[in-house]
Amino acid sequence: MTSTREGLETLRAELEQIQRKSTKTVEDLHRASEVVEEVAELGRKSARDRRRRDRAAMQRTHAQLGTVSEYAGEATTATLGDALKQAGFHPGGPPVEVASAIALAERKEATIDGGTDVEATLPRRFFAAPLGLESRYLYPSLRSETVEFGTTGVVSFRQKSRTLADPALMVRDILDVTQKPETDSSTEVVTAPLHQIANVESGTPNVLLANDRIALWVNADLVAAYRSAVDGHIVGQITAELIHAGGGGENAFESVLYAQETVRSNGYSPDLVVMSPADGLALQLLQLSGGDSYVFSQTPPRIVITPAVEDGAGFVADRDALGVLYLTPVRVQAFEENNGQTNTSTVRVESEGLFLVQRPDAAAYLAESS
């Protein structure tokens, strides 16, 4: 069976032959038009076949790895290392896609079965634990939706305004026949572009990438940077909005209570407190001095710590109302460098994503941020 590439070469040769003729007949011109259309059709067929192969690879990966969770940060049935191996990742190979729930899973290291033959080329096959990674993130606590790779933007509907009928006018005489008071609400469509989230590691010797454990370290570092970028993007999107200041308070815990009340007064249910590591530690170490105590017992809030939040810039939020994290599957690919002359590769991890803030008034800064 003739391959697509061979078919294209044959058609291009025929077209060049027609173009070289000094005198062209009507049949030549007609055939040239047909050749151009056939070339275009082969190109479209090649693109369809490529998309079909990509979808089939993703389906095989998902079938082998199990179903991923709805939220990007929750535990999944597969590790990053498993996903990359099952998807056929190798230096110089085609890009492989990993579900965002796997790439964002809060695992620092995956267990890898046995080595490869290339391990015999290393002087000693003893591996120390990888360097530590900061793994405290905000994204697992927020709503997340997966979009297809190659998506450039998302469209979201949200309620724009609401006017409730006057309660005093709603209670009417039983025989009243005048027009009833009206409640009004309006909806708007929000269109927002996705962002590219990507990083690379270059100059890695191919002999090391061929080793499962070392390849995992490289990929884990790239994905760790990717996770930090996702968290930083989320915090940046939130702080770019004009969210409310929470109010006062005599200490850090009271600041949380005031901010929660601000969110409640806007009609939401604050269930998340986001703080920097230093502010979170200060809240955990908080003690009441001078024998003071609260009259009513207080329920400790759910605190999420992330280095993406600066000291003094914490906030309280209704995580379901605040917004949605849209992410495509994460694509990992290794590229041979310098046309194969140096036996090194560049590894790239990328996806498209956006945290779309839907309700800025569902969040409020803590007192020190006001």
Chemist: Under 4.5 Å between side-chain heavy atoms, counting indirect links through other Ile/Leu/Val/Met/Phe/Trp/Tyr residues: same cluster for Y365 and F355 or not?
Modeler: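 Same hydrophobic cluster.
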Chemist: Does a sphere of radius 6.0 Å around CD in E241 hold more than 12 heavy atoms from other residues, nucleotides or ligands, not counting ones at 6.0 Å or beyond?
Modeler: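 Yes, CD of E241 has more than 12 neighbouring heavy atoms, counting only those of other groups under 6.0 Å.
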Chemist: Quick one, M275 and I305 - any side-chain contact, counting heavy atoms below 4.5 Å?
Modeler: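 Yes. Closest side-chain heavy atoms under 4.5 Å.
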Chemist: Which heavy-atom pair separates Q260 from V273 by the least distance, and what is that distance?
Modeler: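 Heavy atoms only, the tightest pair is NE2-CG2, 4.4 Å.
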Chemist: Tell me whether R359 forms a cation-pi arrangement with Y268, defined as NZ or CZ under 6.0 Å from the six-membered ring centre and within 45 degrees of its axis.
Modeler: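 No - R359 does not lie over the ring of Y268 by the 6.0 Å and 45° rule.
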Chemist: Are side-chain heavy atoms of Q237 and L354 found at a separation under 4.5 Å?
Modeler: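 Heavy-atom side-chain distance check passes, below 4.5 Å.
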Chemist: Just wondering, do R227 and S135 contact through their side chains at under 4.5 Å, heavy atoms?
Modeler: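 Of all side-chain heavy-atom pairs linking R227 with S135, none is under 4.5 Å.
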Chemist: Side chains of I234 and Y137: closer than 4.5 Å at any heavy-atom pair?
Modeler: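 No, too far: nothing below the 4.5 Å cut-off.
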Chemist: Do we see a donor-acceptor contact under 3.5 Å between the side chains of E337 and T344?
Modeler: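 Yes, a side-chain donor-acceptor pair sits under 3.5 Å.
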Chemist: D361 side chain to N266 main-chain N or O, any donor-acceptor pair under 3.5 Å?
Modeler: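 No, D361 side chain to N266 backbone: no donor-acceptor pair under 3.5 Å.
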Chemist: Could you check whether R302 pairs with D271 (Lys NZ or Arg NE/NH1/NH2 to Asp/Glu carboxylate O, under 4.0 Å)?
Modeler: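 No, this pair does not count.
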Chemist: Specify the closest pair of heavy atoms between V147 and P329, including all atoms of both residues, with the distance to one decimal.
Modeler: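 What the structure gives for the nearest pair is O-CD, 3.3 Å.
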Chemist: Evaluate the side-chain proximity of D279 to L366: yes if any heavy-atom separation is below 4.5 Å, no if none is.
Modeler: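 The answer is no, as the side chains (C-beta and beyond) never meet within the 4.5 Å cut-off.
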Chemist: Check R136 against P307 and note the closest heavy-atom contact, atom names and distance.
Modeler: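 What the structure gives for the nearest pair is O-CD, 3.3 Å.
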Chemist: Any donor-acceptor pair under 3.5 Å linking the side chain of N339 with the backbone of Q341?
Modeler: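 Here the side-chain-to-backbone pair does not exist.
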Chemist: Does a donor on one side chain and an acceptor on the other come within less than 3.5 Å for S351 and Y226?
Modeler: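 There is such a pair between these side chains.
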Chemist: Please report the shortest heavy-atom distance between Y326 and Q358, naming the atom on each side.
Modeler: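 Where Y326 meets Q358 most closely, the heavy atoms are OH-NE2, 4.3 Å.
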Chemist: Decide yes or no for L327 and I197: does some side-chain heavy atom of the first lie under 4.5 Å from some side-chain heavy atom of the second?
Modeler: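 Contact flag for L327/I197 side chains = yes.
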Chemist: Under a 3.5 Å distance rule, please check whether E352 uses its side chain to pair with a backbone N or O of G150 as donor and acceptor.
Modeler: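 Yes, the answer is positive, given that a donor and an acceptor are paired below the 3.5 Å cut-off.
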Chemist: Applying a strict under-4.5 Å side-chain criterion to I, L, V, M, F, W and Y, I'd like to know whether L209 and L222 cluster together.
Modeler: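 Looking at the clustering, L222 is in the same group as L209.
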Chemist: For E148, I'd like to know if atom CD has over 12 heavy atoms of other residues, nucleotides or ligands within 6.0 Å.
Modeler: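 Incorrect, the count does not exceed 12.
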Chemist: Nearest heavy-atom pair of I243 and P360: which atoms, and what distance?
Modeler: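 Here I243 and P360 meet closest at CG2-O, 3.4 Å.
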Chemist: Could you go step by step and tell me if L272 and L142 meet the side chain to side chain contact (heavy atoms under 4.5 Å, CB included) rule?
Modeler: CA-CA 10 Å; L272 195 65; L142 301 173; 4.1 Å; yes
Chemist: Which heavy-atom pair separates S141 from R319 by the least distance, and what is that distance?
Modeler: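 Distance-wise, the nearest heavy atoms are O-CD, 2.9 Å.
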Chemist: Please assess S269 against D318 for the test side chain to side chain contact (heavy atoms under 4.5 Å, CB included), listing each intermediate value before the final yes or no.
Modeler: CA-CA 5 Å; S269 300; D318 180 333; 3.9 Å; yes
